[in-house]
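In what follows, a structure is listed as structure tokens, so that the remarks can point back to it.
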Number of protein chains: 2
Amino acid sequence: MIEKTKKLKSSRQRDLLLKILRNTKTHPVADWLFEEARTQMPNISRGTIYRNLGILHDEGKIKELSIRKGVLRYDGDMRKHYHISCLDCGRIDDVPHQINMLDESQIEEISEYQIYSHHLTFFGICKDCQQNTLVNSA
Amino acid sequence: MIEKTKKLKSSRQRDLLLKILRNTKTHPVADWLFEEARTQMPNISRGTIYRNLGILHDEGKIKELSIRKGVLRYDGDMRKHYHISCLDCGRIDDVPHQINMLDESQIEEISEYQIYSHHLTFFGICKDCQQNTLVNSA
DNA sequence: CTAACTGCAAAGTTTTTGCAATTGC
DNA sequence: GCAATTGCAAAAACTTTGCAGTTAG
């Protein structure tokens, strides 16, 4: 139920991973993070990436997103925000922050769940792909 | 961009899969569907399950959900509705239908995307798991 | 007849894990 | 020192695909 917490020790690998995620706006998958980390730390391994993604997520320092195709993506921006994804090219953007967050209390009342968070993702065609479609059909 | 459409032929396997999904409220994963189908059609294969899930989804007869852990789940209920998932046991329920759907046009204006749909999922602790926690900590 | 579909098994992806060596506190 | 962490490689989990045989229209 409640996670057994073991004493965390700092690691250069985990610090690097968090730094990369905080400076990336593309909601990357694990393998992209592995390749990116490798440019700065050539011997880092995939296992380390996966293990640290789990740790950082458990610590509440990153978000884990399950948006499409059953692939996990990661987000270093912990501010509450929503996502929007292109059905054509697959990119995932943030919805601009001026959007209001939904009120969870109404759902809590009718669902009998104790609610902690919610994820909202819009799906559509991004500006670039709208233009490409025009070009292709011309 | 636009899917090449080939002439579909009916198949007992696909019919069975759709029937199972329409009678299942648990948002199952492919492997569960494989086992379930196998009780009624013992020689059906995993490949057939995966291929037909793709076809049914392309046809717009089922929904593909990516809610947690990067695992795809399937939903035979095509009515618009939202989901709520337990962080403890992982179950995924429907949010009762009295909830209003969000208006997509506001996001369309500020995002420059042409929006087709959206997915909203709440995360929390279900009633059963709230009780189990009480028992365990007693 | 023939294109779509199937079962099977092999291959492809993605993620987890066991282990001996290393590292942070 | 010692538990947490790492790299590596093997294993596990999940999905796709090639192929020869079957089936729907």
Side-chain angles (χ1 to χ4, degrees), chain A residues 3-21 26-59 61-75 90 92, chain B residues 3-21 26-59 61-75 90 92:
Chain A
E3 307 285 315
K4 74 163 86 43
T5 2
K6 58 177 173 181
K7 212 172 311 173
L8 280 183
K9 203 171 276 192
S10 83
S11 93
R12 296 184 304 112
Q13 289 84 344
R14 186 155 62 242
D15 292 347
L16 171 61
L17 191 53
L18 184 55
K19 193 183 97 191
I20 292 173
L21 271 168
T26 56
H27 315 89
V29 298
D31 194 63
W32 185 93
L33 290 164
F34 170 60
E35 295 297 344
E36 189 67 17
R38 215 145 61 126
T39 65
Q40 297 181 57
M41 198 181 278
N43 291 323
I44 198 171
S45 73
R46 276 198 174 74
T48 296
I49 298 294
Y50 281 104
R51 276 184 288 235
N52 279 310
L53 286 171
I55 292 171
L56 289 169
H57 180 238
D58 290 347
E59 283 189 285
K61 292 185 174 171
I62 63 174
K63 286 181 192 157
E64 202 174 70
L65 307 176
S66 190
I67 289 188
R68 41 165 44 228
K69 284 288 159 201
V71 178
L72 282 180
R73 296 180 165 270
Y74 295 89
D75 192 344
I92 296 170
Chain B
E3 307 285 315
K4 73 164 84 43
T5 2
K6 59 177 170 181
K7 210 173 314 174
L8 281 183
K9 201 171 276 192
S10 83
S11 94
R12 296 183 305 113
Q13 288 83 346
R14 186 154 63 242
D15 293 347
L16 172 60
L17 190 53
L18 184 55
K19 192 183 98 190
I20 292 172
L21 272 167
T26 57
H27 314 90
V29 299
D31 195 62
W32 185 94
L33 290 164
F34 170 60
E35 295 298 345
E36 190 66 17
R38 213 144 63 126
T39 65
Q40 297 182 56
M41 198 181 279
N43 291 322
I44 196 170
S45 73
R46 276 200 173 73
T48 295
I49 298 294
Y50 281 105
R51 275 184 290 232
N52 279 310
L53 285 171
I55 291 171
L56 290 169
H57 180 239
D58 290 348
E59 283 190 284
K61 292 185 173 170
I62 63 173
K63 286 182 192 156
E64 201 175 70
L65 306 176
S66 188
I67 288 187
R68 41 167 41 230
K69 286 284 159 204
V71 177
L72 283 180
R73 296 179 165 271
Y74 295 89
D75 191 347
I92 296 170

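Each chain gets a letter, A, B and so on, in the order its sequence line appears, and its residues count up from 1.
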TODO: Measure across A:A37 and A:I49 and return the closest heavy-atom pair with its distance rounded to 0.1 Å.
DONE: CB-CD1, 4.1 Å
- [ ] Identify the two heavy atoms, one from A:H57 and one from A:I62, that lie closest to each other, and give their separation to 0.1 Å.
- [x] CD2-O, 3.4 Å
TODO: Measure the distance from CG on B:L8 to C1' on C:dT6 and round it to the nearest whole Å.
DONE: 15 Å
Open item on the list: In whole Å, I'd like the distance from the CZ atom of B:R38 to the P atom of C:dT6.
Closed with: 16 Å
- [ ] Please report the closest heavy-atom contact between A:H27 and A:D75, naming both atoms and the distance.
- [x] CD2-OD2, 3.3 Å
Task: Rounded interatomic separation in angstrom, taking CE from B:M41 and C1' from D:dT22 - done: 14 Å
TODO: Using whole Å, report how far CG of B:D15 lies from P of C:dC5.
DONE: 11 Å
Open item on the list: Without decimals, in angstroms, what is the distance between B:R68 CZ and D:dA13 P?
Closed with: 18 Å
Task: Length of the line joining B:L17:CG and C:dG7:C1', which is rounded to integer Å - done: 16 Å
Open item on the list: Given C:dC5, D:dT6, C:dT6, identify the nucleotide with an atom nearest to the side chain of A:N52.
Closed with: D:dT6
- [ ] Round to a whole Å and report the spacing from CZ of B:F34 to P of D:dA13.
- [x] 15 Å
Open item on the list: Does D:dT23 have its OP1 or OP2 closer than 4.0 Å to a side-chain nitrogen or oxygen of B:Q13?
Closed with: no
Open item on the list: Nearest whole Å is fine: how far is D:dT17 P from B:I55 CD1?
Closed with: 13 Å
Open item on the list: Tell me whether A:R14 contacts the main-chain N or O of A:K9 through its side chain, where contact means a donor paired with an acceptor under 3.5 Å.
Closed with: yes
- [ ] Produce a footprint string for nucleotides 14-24 of chain C: one letter per nucleotide, 5' end first; B if the base is under 4.0 Å from any protein heavy atom, S if only the sugar-phosphate is, - if neither.
- [x] SBBBB-----B
- [ ] Provide the closest heavy-atom pair for B:R68 versus A:S66 in the form atom of the first, atom of the second, distance.
- [x] N-OG, 3.6 Å
Open item on the list: On a heavy-atom basis, which atom in A:L21 and which in A:P28 lie closest, and how many Å separate them?
Closed with: CD2-CG, 4.0 Å
